[in-house]
Undergrad: 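Please read through the structure below; I'll follow up with questions.
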There are 2 protein chains.
Amino acid sequence: MVKITDVARQAGVSPSTVSYALSGKRPISDDTKRRVEEAIRELGYRPHAGARALASSKSNVLALVVPLRAGIHIPVVMQFAVSVVTTARRYDHDVLLLTQEEGEEGLRRVADTALVDALILMDVQLQDPRLPLLRVLERPSVMIGFPASSEGLTCIDLDFKAAGEVCVEHLAGLGHRAVALVGSPPEVYVRQTAFAQRVVQGFTAAADRHGLASSVHPCEAASGAARKVAERLLREQPALTGVVVHNEPLLEPLIDAFEQLGLRVPGDLSVTAICPDELAESVRVPVTSVALPSADIGTRAVELLMRKLDGTEVPEATLLAPRLTERASTAPRNA
Amino acid sequence: MVKITDVARQAGVSPSTVSYALSGKRPISDDTKRRVEEAIRELGYRPHAGARALASSKSNVLALVVPLRAGIHIPVVMQFAVSVVTTARRYDHDVLLLTQEEGEEGLRRVADTALVDALILMDVQLQDPRLPLLRVLERPSVMIGFPASSEGLTCIDLDFKAAGEVCVEHLAGLGHRAVALVGSPPEVYVRQTAFAQRVVQGFTAAADRHGLASSVHPCEAASGAARKVAERLLREQPALTGVVVHNEPLLEPLIDAFEQLGLRVPGDLSVTAICPDELAESVRVPVTSVALPSADIGTRAVELLMRKLDGTEVPEATLLAPRLTERASTAPRNA
DNA sequence: TTCCTCCGTCGAAGCGCTTCGACGTCACGC
DNA sequence: GCGTGACGTCGAAGCGCTTCGACGGAGGAA
């Protein structure tokens, strides 16, 4: 193994000079820098991560805690993870993958052993048991999603309430007078995951504001459930002409179910969704949707963390404004 | 920060004794061990990962390289990653997440900086550019999937050839005489990813052996493509009564398409798949399938790696025998 | 010209841990 | 009763890097 002293010898300088040439923390003459770089290249030198972490008390590793619970759309998690890794690399950091399963003990472990410098958590619940820990941990963290109180923490997420509102407003603007929300599986609500509830709040508030008849239906993500909920909607709300879907795996089956029940989309029924653009575009009838910008959120989360590591102040809450893209699934009522 | 010397003082022993009590590498009296453990608990001591890595030249971290290319079913990747993390934890290791995007340079980086002790690679291609690197890297690795030559490397995967055969044999056993394989997207074959080709080999070989008429159809994973391929199959192969699907996202849409074309499953058409059991069970007509045991593979991959880290010899190739589960989508011909 | 400052570099200390050799003690066998 | 291990513990060295203080020399100010 080639070490910094080898490089120093080869370049005719001291080890500390090599270190400074690498880190830029002290001025080094161009000539010296060049010789050092050359020596590094010739010898194929790579600084030892552990030694570096020990001496500098920085591991340049971020922890990413991913959920593995039911009711969460896996591709979104994955896309998010990839964008975190990619962005972290831009800042010369790596990403350690943890599962929710490890719980608070896992967080404490990687933080206290100095394995990681900072943490990113996904799938935060309203009363998340990890919150107190994050507040006392001596390492910065960013949460994807919002707990009941984000006091002293840093959170980022799509503004789901606004997303629910935007969907309703789009439908109201098209003249629809009765709308329904097909939501996430019941367990997601029971778990008190904020984003699902926020959509409901936004949806209901906007519907009330516009004087629309509305109803909310949590729904399993199995395609069998699509048919059932479709039938039920038509039975209970015969005047229904607008539907908001906040349940990725159900989107396509639900549209199929409506069509099989004799309703054309968007002729008889307008459908909007809150989901990744990718999914919305890939449905047989491309769906008007509010984008779930997982890649964007991942990038921003890492950027927030980097600023915290720099000692910069960052806002406690970052809510991304919803962006609705019109596609083929919505049309004016009675068009 | 509390360090090993603090623990040593508190327990009235030397730092090295604490270290040995922790690692068990030398005998320590029960009494001393107890006092050390107590001191650790009282002080909340956590060994510094970097210091440990430096002194022991072991980071206790594994690298996991995940693919992010098209044509790969994301939930499978995720499930795999989770099982790797979970198993690694059982062996007191953590997992660093890398993307394929980082390429060979990324592998070299984490290996040469001693950030990780070993590597796991997914989505290996027949002529994978990373192979030469893996052979010279001074760290053990395990690959999920098989390259053209696994000489000197360690690979593990489902036996996809046998999986293709098992599907055909199941159909042949039910009396079917004309079968088709609906495969992965074309780009997966172009990329020379072994598993897709192996399925084709097994499928074709078994069909020939049993004297069945057969055809192979790579297919996009979009649900629009399902309808097209279904129509094409019926047109080109009117006698068709058995289909093997090796394309997760297409499974359900394809069955829908067949039914909309007037074919009942399994009445007129028997369908088998190679996919996660979870998926096969969740389809409206539960599908007879060969399981894609991602969790199992992940676990085994980590176990192989641990044995290599121990210096134990492991087999170069581990092929998991296919396991076919009969469900509602297959029935005897002309039942 | 002298003094001070800033630049570029060096040497040494030290980050917190593991590990090696050494040493005292105790039990056992002859 | 004494040699001989094995057991349990200690001290010191060192893993490879960063960083701090120091220092010589050049350049500008006085």
Side-chain angles (χ1 to χ4, degrees), chain A residues 1-37 39-40 43-61 92 109-117 138 309, chain B residues 1-37 39-40 43-61 92 109-117 138 309:
Chain A
M1 167 182 209
V2 29
K3 38 190 146 183
I4 201 170
T5 51
D6 300 326
V7 175
R9 195 176 326 110
Q10 169 99 355
V13 298
S14 80
S16 51
T17 301
V18 175
S19 179
Y20 287 123
L22 243 36
S23 70
K25 294 192 180 173
R26 283 202 185 173
I28 296 288
S29 71
D30 287 353
D31 180 55
T32 304
K33 201 174 289 176
R34 202 187 35 65
R35 291 213 316 286
V36 168
E37 280 161 4
I40 289 177
L43 301 177
Y45 167 70
R46 300 273 193 176
H48 186 288
R52 208 169 239 218
L54 178 56
S56 67
S57 33
K58 280 193 183 104
S59 67
N60 274 32
V61 175
D92 196 29
R109 181 176 61 81
V110 296
D112 288 354
T113 60
L115 227 194
V116 306
D117 295 334
E138 69 287 18
L309 284 171
Chain B
M1 166 182 210
V2 30
K3 39 190 145 182
I4 201 169
T5 51
D6 300 326
V7 175
R9 193 175 329 110
Q10 170 100 353
V13 298
S14 80
S16 52
T17 301
V18 175
S19 179
Y20 286 124
L22 243 37
S23 70
K25 294 193 180 171
R26 284 202 184 172
I28 295 289
S29 70
D30 287 352
D31 180 55
T32 304
K33 201 175 289 175
R34 201 187 35 66
R35 290 213 317 286
V36 167
E37 281 162 5
I40 288 178
L43 301 177
Y45 167 70
R46 302 272 193 176
H48 186 288
R52 206 170 239 217
L54 178 57
S56 68
S57 33
K58 280 194 184 109
S59 67
N60 274 33
V61 174
D92 196 29
R109 181 176 61 81
V110 295
D112 288 355
T113 60
L115 226 195
V116 307
D117 295 334
E138 70 288 17
L309 284 171

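Just so we're on the same page: letters track the sequence lines, and every chain starts at 1. Scope of the values below: all heavy atoms of this structure, side chains included, with no hydrogens, waters or symmetry mates.
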Undergrad: Using five pairs at each end of the helix from C/dT1-D/dA30 to C/dC30-D/dG1 to define an axis, what is the angle between those two axes, to 10°?
TA: 40°

Undergrad: Counting side-chain heavy atoms from C-beta on, which of D/dC17, C/dC10, D/dA12 comes nearest to A/Arg26?
TA: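 Given the options D/dC17, C/dC10, D/dA12, the side chain of A/Arg26 is closest to C/dC10.
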
Undergrad: Run the side-chain contact (heavy atoms from CB on, under 4.5 Å) test against A/Ser16 and tell me which residues pass, sequence neighbours left out.
TA: A/Ser14, A/Tyr20

Undergrad: Look at A/Tyr45 and D/dC17 and indicate whether a side-chain polar atom (N or O) is within less than 4.0 Å of OP1 or OP2.
TA: yes

Undergrad: What is the distance, rounded to the nearest whole Å, between atom CG of A/Asn60 and atom P of D/dT18?
TA: 11 Å

Undergrad: Any N or O donor-acceptor pair linking the side chain of A/Tyr20 to the base of D/dC20 at under 3.5 Å?
TA: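 Yes.
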
Undergrad: Give a yes or no on whether the backbone of A/Ala53 and the side-chain of A/Ser59 come within a donor-acceptor separation of less than 3.5 Å.
TA: no

Undergrad: Are A/Arg52 and D/dT18 close enough that a side-chain N or O sits under 4.0 Å from OP1 or OP2?
TA: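 Checking A/Arg52 against D/dT18: at least one side-chain N or O falls below 4.0 Å of OP1 or OP2.
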
Undergrad: Rounded off to whole Å, could you give me the CG-to-P distance for the A/Asp6 and D/dG16 pair?
TA: 9 Å

Undergrad: Please report, rounded to the nearest Å, how far the P atom of C/dG16 is from the CG atom of A/Asp112.
TA: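 The distance from CG of A/Asp112 to P of C/dG16 comes to 14 Å, rounded to the nearest Å.
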
Undergrad: Please give, in whole Å, the distance from D/dC7 C1' to B/Lys33 NZ?
TA: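 One finds 12 Å between C1' of D/dC7 and NZ of B/Lys33, rounded.
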
Undergrad: Starting from P on D/dC17, measure out to CD1 on A/Ile40 and report it in whole angstrom.
TA: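 Nearest whole value for this atom pair: 10 Å.
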
Undergrad: Kindly compute the distance separating CD1 (B/Ile4) from NE2 (B/His48), expressed to the nearest 0.5 Å.
TA: 13.0 Å

Undergrad: Regarding B/Lys3 and B/Asp6, does a basic nitrogen lie under 4.0 Å from an acidic carboxylate oxygen?
TA: no

Undergrad: Choosing from D/dA12, D/dC17, D/dG8, which nucleotide comes nearest the side chain of B/Pro27?
TA: D/dG8

Undergrad: Report the nucleotide, chosen from D/dT18, D/dT9, C/dT9, that has the shortest atom-to-atom distance to any side-chain atom of A/Ile28.
TA: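 Between D/dT18, D/dT9, C/dT9, the one nearest the side chain of A/Ile28 would be C/dT9.
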
Undergrad: From the options B/Val18, B/Asp31, B/Ile28, select the one residue that forms a side-chain contact (heavy atoms from CB on, under 4.5 Å) with B/Val36.
TA: B/Val18

Undergrad: By nearest heavy atom, map A/Gly50 and B/Ser16 onto DNA chain D; which one lands nearer the 5' end?
TA: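 Checking each residue's closest nucleotide, the 5'-ward one belongs to B/Ser16.
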
Undergrad: Can you tell me if the side-chain N/O atoms of A/Thr17 get under 4.0 Å from OP1 or OP2 in C/dT9?
TA: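 A/Thr17 to C/dT9 OP1/OP2: no side-chain N or O under 4.0 Å.
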
Undergrad: Does B/Ser56 or B/Thr32 map to a spot on DNA chain D nearer the 5' end, using the closest nucleotide for each?
TA: B/Thr32

Undergrad: Counting only side-chain heavy atoms from C-beta out, which of C/dG16, C/dG11, D/dT19 sits nearest to A/Ser14?
TA: C/dG11

Undergrad: Taking 4.0 Å as the cut-off, does a side-chain nitrogen or oxygen of B/Ser19 come that near to OP1 or OP2 on C/dT19?
TA: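 For C/dT19, neither OP1 nor OP2 has a side-chain N or O of B/Ser19 closer than 4.0 Å.
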
Undergrad: Could you tell me whether a side-chain N or O of A/Arg46 sits under 3.5 Å from a main-chain N or O of B/Thr113, the two making a donor and an acceptor?
TA: no

Undergrad: Please report the distance, rounded to the nearest Å, between CZ in B/Arg9 and C1' in D/dG11.
TA: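 For the pair B/Arg9 CZ and D/dG11 C1', the rounded distance is 16 Å.
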
Undergrad: If only atom types and distance count, is the side chain of A/Asn60 paired as donor or acceptor with the main-chain N or O of A/Asp92 below 3.5 Å?
TA: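 Such a contact is found between A/Asn60 side chain and A/Asp92 backbone.
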
Undergrad: So which one's nearest nucleotide on DNA chain C is more toward 5', B/Lys25 or B/Leu54?
TA: B/Leu54

Undergrad: Between B/Met1 (CE) and C/dG14 (P), how many Å, whole number?
TA: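 It is 18 Å, rounded to the nearest whole Å.
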
Undergrad: Of the candidate nucleotides C/dG11, C/dT18, D/dT9, which contains the atom at the shortest distance from the side chain of B/Ile4?
TA: C/dT18

Undergrad: Are there over 12 heavy-atom neighbours, none belonging to A/Asp30, within less than 6.0 Å of that residue's CG?
TA: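 No - once you tally the heavy atoms of other residues, nucleotides and ligands closer than 6.0 Å, there are 12 at most.
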
Undergrad: Rounded to the Å, how far apart are A/Leu22 CG and C/dT9 P?
TA: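 So the two atoms are 14 Å apart, to the nearest Å.
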
Undergrad: From the list D/dG14, D/dT19, D/dT9, which nucleotide is the closest neighbour of the side chain of B/Ala55?
TA: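 Closest of the options to the side chain of B/Ala55: D/dG14.
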
